[in-house]
Structures are given as structure tokens and as C-alpha cells.
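Heads up, the thing below is written out as C-alpha cells.
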Amino acid sequence: MTLAPAGRRTAAAVLTAALLVPLAACGSDDTKKDTGGSPASGSASGAPAANLTVLAAASLTDVFKKAGAAYEKSHPGTKLTFSFAGSQELVAQVSQGSPADVLVTADTKSMDKVRADTGTPAIIAKNRLVIATGEGNPHKVDDLRDLADTKLKVVLAAPEVPAGKYSKQILDKQKIAVKPVSQEPNVRAVLSKVELGEADAGLVYRTDAESAKDKVDAVEIPDDQNAVAQYPAATLKESKNAEAATAFVAWLSSPEGQKILQDAGFQKP
């Protein structure tokens, strides 16, 4: 039997509707997958998911472990891997082309050495030095001048390390001559020497002493005798995850990131 034109139009409409039903169902599934926020597609915050390598100053070891955990929790699918060392070592790694996404140093001069390799740095925190002594301060160290006592085993960070530069700066300013028993490659190594009793005293950041307050005492240094350490953070131009790296650096200056830093004893930038 041959259909009339109106009948043919009706049959065509029915067939088209039948074909569109499964397509609509497929589209519904795809929409659910997209809006569901699969870890592979990005995080709940809108930042893309990625595996980021962060080169960070040794004095950030404890606080960045906490910050990293918080960041990963609020950015599903993002994994942070930290490499901690003295800022001079981190700068050397960047200069040698080591693959990484973010650099955070303990001074601006170190960051300046690799400006051609980074985005614009942002200061995320500040810090100050204290004198770390054994628990209970057994040698009764009261101020910087006590470090000149040759009977006292004093350890400092090496001159090329930011903590070592700051130490030299404040000792020179007070005209205090100190003969350290060793000069360490980073500030955490200084702290370790004091913790282990291999040194009687050492100059470390306030936050380092706070992280080991059950093992060392901290003797405060007056502000007019102290130095202010600044921590710049920047993305690396060779990063394969530029957008995710930028998001992490920005987060460090966010209220959440700043609270974690300041709870650990770092000062506002």
C-alpha cells in the first residue's frame, strides 16, 4: 500500500522521535559525567587536576606538608610532590633544567637568580631568626653576644644559604664574631645538630624552633637586631602544568593558605 503525503510525514516524525530518544539518553549520561567532576577533568575549585612538583626551601618542610594535604583535599585529582632543600640548591636545580612546576625560596635574592625561568614571584610569608638551644637552655644563652663564647659549640647555616646570609647579617650588625663548629647546607640541618646535642646553639628560623619545641628552646632576638626573611613563590616557565601551578601559587596567598602558614608561626607577607 502506498502512503499519502500526510501519512508519510507522520511516519517520518515517529521514526525521528524514536531515533532521538536513545541519543537524548546518551546526552544525559555525558552531562552527568561532566558535571560530576571526575578527578581527571579537574577539581571542585575549577583548577585543573595535575601532578605538581614543588621545589621549596627547607624551612617550609613541616608547614608545606600540612598545606599540601589541605590543598589536595580541596582540589581532588591534584597530587603535590615536594622537594625540600636549601634555596641555593633549589636554584641550581632550576638552572640545570630539573623538571618542576613551582619554586619557593627563603629569600628574594635566590629567586632573582632564576627570574628568566619563572613567572612573577609573589611573597607568601615572612620569618625571623631565633637562637635554638638544647631543651631547657642548659648553657644559659640569653642573647646574640653569648654566641661569641668559644666554649659554646655554635652551628650556623653556610653563607650561601639564606639562613646563613641572614645570620651573618645580624651578627655583623652587632659586631659579634662567632666561630661555628660547622656550617650546614640548610637551616633544618642546623636545627638537627642542636636537637641531637651535637651543638649547643644555632641560628634558625622561629618556625623551625617551633616545629621542634619539645626538643629545643628558642631564645628570641629583638626586632632591631634581627632580619626579616621573605618567601617568594613562583611558577616555572618549563612547567607542563602551568594552569595548575598558577592555581597553587595563588592558593598560598589565599585565606586558607595564609592561615596554615601563620598557624605555623610564619608572618604575614
Side-chain angles (χ1 to χ4, degrees), residues 56-63 84-92 104-113 123 125-232 264-267:
S59 51
L60 293 166
T61 299
D62 295 300
V63 70
F84 299 105
S87 295
Q88 81 288 351
E89 294 180 41
L90 302 178
V91 165
V104 189
T105 61
D107 67 334
T108 56
K109 289 184 179 179
S110 293
M111 183 68 75
D112 287 343
K113 292 179 180 179
I123 303 298
K126 293 181 180 179
N127 215 340
R128 292 179 184 273
L129 295 177
V130 298
I131 304 169
T133 71
E135 187 178 10
N137 193 3
H139 296 278
K140 308 303 178 186
V141 176
D142 292 322
D143 54 38
L144 287 172
R145 295 198 176 280
D146 289 336
L147 300 182
D149 186 346
T150 55
K151 296 179 181 178
L152 202 66
K153 290 188 293 183
V154 178
V155 62
L156 300 174
E160 63 270 18
V161 182
K165 294 175 184 176
Y166 294 132
S167 297
K168 185 178 187 303
Q169 176 183 326
I170 66 175
L171 291 171
D172 286 352
K173 182 179 178 181
Q174 299 301 312
K175 296 180 172 56
I176 300 171
V178 176
K179 295 182 179 179
V181 294
S182 70
Q183 294 180 311
E184 301 300 319
N186 60 67
V187 72
R188 296 305 288 237
V190 175
L191 180 67
S192 179
K193 290 277 188 179
V194 178
E195 285 182 297
L196 297 172
E198 297 175 9
D200 300 322
L203 288 174
V204 303
Y205 296 117
R206 179 178 292 158
T207 52
D208 292 308
E210 177 64 21
S211 73
K213 59 185 178 182
D214 58 335
K215 297 180 180 178
V216 304
D217 279 11
V219 178
E220 294 289 336
I221 300 171
D223 285 349
D224 62 350
Q225 298 178 18
N226 216 325
V228 179
Q230 298 188 81
Y231 291 75
F266 287 88
Q267 298 174 302

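Just the heavy atoms: all of them, side chains too, but no hydrogens, waters or symmetry mates, feed the values below.
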Please list, one pair per line, the donor and acceptor atoms closer than 3.5 Å that link side chains of residues 144-151 to other protein atoms, with sequence neighbours excluded.
| unit_1 | atom_1 | unit_2 | atom_2 | d |
| --- | --- | --- | --- | --- |
| R145 | NH2 | Q174 | O | 3.3 |
| D146 | OD2 | D142 | N | 2.6 |
| D146 | OD2 | D143 | N | 3.3 |
| D149 | OD1 | K151 | N | 2.9 |

Which donor-acceptor pairs under 3.5 Å do the side chains of residues 152-166 make with protein atoms, sequence neighbours left out?
| unit_1 | atom_1 | unit_2 | atom_2 | d |
| --- | --- | --- | --- | --- |
| Y166 | OH | A106 | O | 3.1 |

Determine all donor-acceptor pairs shorter than 3.5 Å in which one atom belongs to a side chain in residues 218-232; sequence neighbours excluded.
| unit_1 | atom_1 | unit_2 | atom_2 | d |
| --- | --- | --- | --- | --- |
| E220 | OE1 | R206 | NE | 3.4 |
| E220 | OE1 | R206 | NH2 | 2.9 |
| N226 | OD1 | L129 | N | 3.3 |
| N226 | ND2 | L129 | O | 3.0 |
| N226 | ND2 | I221 | O | 3.3 |
| Y231 | OH | S59 | OG | 2.8 |
| Y231 | OH | N127 | ND2 | 3.2 |

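Here the CE-OG distance, from M111 to S87, works out to 8.5 Å after rounding to the nearest 0.5 Å. Summarising the geometry, atom CD belonging to Q88 is positioned 11.0 Å from atom OG1 belonging to T105; distances are rounded to the nearest 0.5 Å.
The two residues K193 and S182 have their closest heavy-atom pair at CE-OG, 4.1 Å. The minimum heavy-atom distance linking V130 with A209 is given by the pair CG2-CB, 3.8 Å. When all heavy atoms of A57 and F84 are compared, the closest pair comes out as O-CD2, 3.7 Å. Residues A132 and V204 come closest through the heavy atom pair CB-CG2, 3.8 Å.
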* List the steps and the verdict of side-chain contact (heavy atoms from CB on, under 4.5 Å) for S211 and T61. => CA-CA 10 Å; S211 73; T61 299; over 6 Å; no
* Asked: Taking it one step at a time, do L203 and I170 satisfy side-chain contact (heavy atoms from CB on, under 4.5 Å)?
  -> CA-CA 10 Å; L203 288 174; I170 66 175; 4.3 Å; yes
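Take E135 and apply the salt bridge (Lys or Arg N to Asp or Glu O under 4.0 Å) test, not counting sequence neighbours, and it matches no residue. The salt bridge (Lys or Arg N to Asp or Glu O under 4.0 Å) test applied to K168 returns D172, not counting sequence neighbours. With sequence neighbours left out, D208 forms a salt bridge (Lys or Arg N to Asp or Glu O under 4.0 Å) with R188.
Looking at heavy atoms from C-beta onward, V63 lies out of side-chain contact with T207 at the 4.5 angstrom threshold.
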